[in-house]
Amino acid sequence: MSGDHQTLALLLFSAFVAVTLGITTWVSRHRQGSAEEFYTGGRLFSPMENGFAIAGDYMSAASFLGISGLIALFGYDGMLYSVGFLVAWLVVLLLVAELVRNCGRFTLADVVAARMRERPVRIAAGTSSVAVSVLYLVAQMVGAGSLVALLLGGTSEAARSWTVIGVGALMVVYVTLGGMRATTWIQIVKAVLLMAGTVALTVLVLLRFHGDFNALLNAAAERSGHGSEFLLPGLAYGGGWTARFDFISLGLALVLGTAGLPHILSRFYTVPTARAARRSVVWSIGLIGGFYLMTIVLGFGAAAVVGTDEVRASSAAGNTAVPLLALDLGGGAGSTGGTVLFAVVAAVAFATILAVVAGITLASSASVAHDLYASLKRPHRNTHRSTHANSRTGAHPNSRAEPRSEVAVARFAAAGIGAVAIALGLLARDLNVAFLVGLAFAVAASANLPVLLYSLFWRNFTTRGAVWSVYGGLVPAVLLVVFSPVVSGSPEAIFPGVDFHVFPLQNPGLVSIPLGFLAGWIGTVRSSEPADEAKHAESEVRSLTGAGAV
């Protein structure tokens, strides 16, 4: 790319970073010592504000860069991501949002621990939440590296690596200084910028084809090199039984995974009531639905205007399709319009990455501090009586112990999680970001969703069932990814030079999601400790009515 692209895009990057750091500094002047303030922003956000923040959290680099790139490369099959991400919100709205807001306080583990023995449940749920968050963070890091590699002409691997490190450092600053309040306002600003940029590009694509969507599809099919097959199922997932099962696995992971994402669940605690949580989801569905419909236009637009071969030449995974489309729509390389539009889109994508990594880091550091640290710090003891009393207030049974030290641990955890995400992001830099997020969704749907649904709806669910459910989904999901073609045995793998893969599918959801539910059922029926029906009745009333919710 030309020097003009670099200069203008870097100026816009710097402007967004300056604004977000200003928000963080302003928020940090408020009292951040209490866990309530740090984790939930004091529960002071309105449904509309929280809806924009949820949309900002959800519309990640995978959505803006990855999905459009997959559609540009694979046509119809790439749309599975758009449909899956959107349909997933119906599961969240119908089964999760209001009940989680009533039952929990800060994290997923709060919901499960309301009727179980605290320590084993919190350790299991906290571990799975951190694993999901790190996988999700890796995708954002890869998106940042791809974006800057395009900006610098793809010649500097060192610059790409330093970009990943810089994004990690910024996310640690956002979380440690500003907590949930700063993160939420950064998400809101980012959601507005992303929607504005996506609308502008969609309008320009449709104007290029005079509003004729059929003409757009025909041009995309022609430039793709695949002809009419580009508009039919099977280009990416039609090669054989392995590809077909991968298609089913990915669909399950996308539709079921959202309800188990820690950074999405934590958003329901930032509003004052369960009704506000439900209204937040309605706001976010409107924004997210419009956005994913527009990514379909952008994906086919990139194929039609830029060409599939050019997209693949720039990034084999398709991560740079939207910036290249913006460059062409603005007038092409060297033109003022192309320079400006490319720089704006690159800056919006970079803003998207920064905002999403802040939300994920906050959720995962909260799991480390509120679940793992608070559980391990206290000696093991029978907490039935204290848990029963605290379930009416939403308090952690260890909440008498140094809330300020818990917040301090969360800040240190943010730095540690950032370091891990940076290292993995450098390893996985050649994979598609939407594909990486699909893996995170599979782990979330395998480890978090079964224990959440069982806790909310199964009267006989026990502590052993909860622990088995989490580990029974988490361990197989992670192992299947490690021994899949994603890591070794294929030219696109993280380690292409070796081959130790034994699992043929790229996404583990088809196997690991049923295993999570099965493990929870087996653990419950084989448990020697009976379920506490009184605590289940109390949590059921609380989840459905909000009585006693924080």
Side-chain angles (χ1 to χ4, degrees), residues 35 38-41 53-54 56-58 60-62 100 104-112 122-141 164 167-180 182-184 186-187 257-270 353-376 406-425 436-437 439-449 451-452 470 474 477-478:
F38 185 79
Y39 294 143
T40 67
I54 291 173
D57 241 339
Y58 196 64
S60 65
V100 165
R105 191 182 180 204
F106 299 137
T107 64
L108 164 71
D110 288 335
V111 180
V112 184
R122 285 191 179 279
I123 292 172
T127 301
S128 70
S129 294
V130 172
V132 171
S133 298
V134 168
L135 269 174
Y136 211 109
L137 280 172
V138 169
Q140 311 311 311
M141 300 298 189
V164 172
V167 170
L170 277 170
M171 78 184 186
V172 172
V173 171
Y174 292 147
V175 173
T176 55
L177 291 182
M180 179 59 85
T183 301
T184 298
I186 291 169
Q187 298 286 13
T258 300
L261 293 177
H263 66 292
I264 297 298
L265 293 175
S266 65
R267 280 265 154 234
F268 300 136
Y269 302 128
T270 62
I353 292 165
L354 288 179
V356 171
V357 296
I360 302 167
T361 306
L362 179 60
S364 52
S365 63
S367 291
V368 170
H370 185 63
D371 298 327
L372 299 179
Y373 167 77
S375 296
L376 295 173
E406 187 178 302
V407 171
V409 169
R411 291 187 165 113
F412 281 113
I417 290 164
V420 173
I422 288 169
L424 292 175
L436 285 170
V437 164
L439 296 182
F441 272 61
V443 177
S446 305
N448 292 345
L449 184 65
V451 71
L452 183 61
V470 172
L474 175 64
V478 173

Can you tell me how far apart [atom1] ([X]) and [atom2] ([Y]) are? Round to the nearest 0.5 Å.
| X | Y | atom1 | atom2 | result |
| --- | --- | --- | --- | --- |
| Ile54 | Ser266 | CD1 | OG | 9.0 Å |
| Leu108 | Leu452 | CG | CG | 5.5 Å |
| Asp110 | Asp371 | CG | CG | 6.5 Å |
| Leu362 | Ser133 | CG | OG | 10.0 Å |
| Thr183 | Ile360 | OG1 | CD1 | 11.0 Å |

Does the side-chain contact (heavy atoms from CB on, under 4.5 Å) test come out yes or no for Thr258 and Tyr58, once each step is laid out?
CA-CA 9 Å; Thr258 300; Tyr58 196 64; 2.8 Å; yes
Do [X] and [Y] come close enough that some side-chain heavy atom pair is under 4.5 Å?
| X | Y | result |
| --- | --- | --- |
| Ile123 | Leu372 | yes |
| Pro262 | Asn448 | yes |
| Phe441 | Leu261 | yes |
| Thr184 | Arg267 | yes |

Shortest non-hydrogen contact from [X] to [Y]?
| X | Y | result |
| --- | --- | --- |
| Val470 | Ala125 | CG1-N, 4.3 Å |
| Gly359 | Asp57 | CA-OD1, 3.8 Å |
| Ser128 | Leu474 | CA-CD2, 3.9 Å |

For Ser129, check side chain to side chain donor-acceptor pair (under 3.5 Å) against everything at least two apart and list the hits.
none
Aromatic plane relationship, His263 with Tyr136 - under 30° parallel, 30 to 60° tilted, over 60° perpendicular:
perpendicular
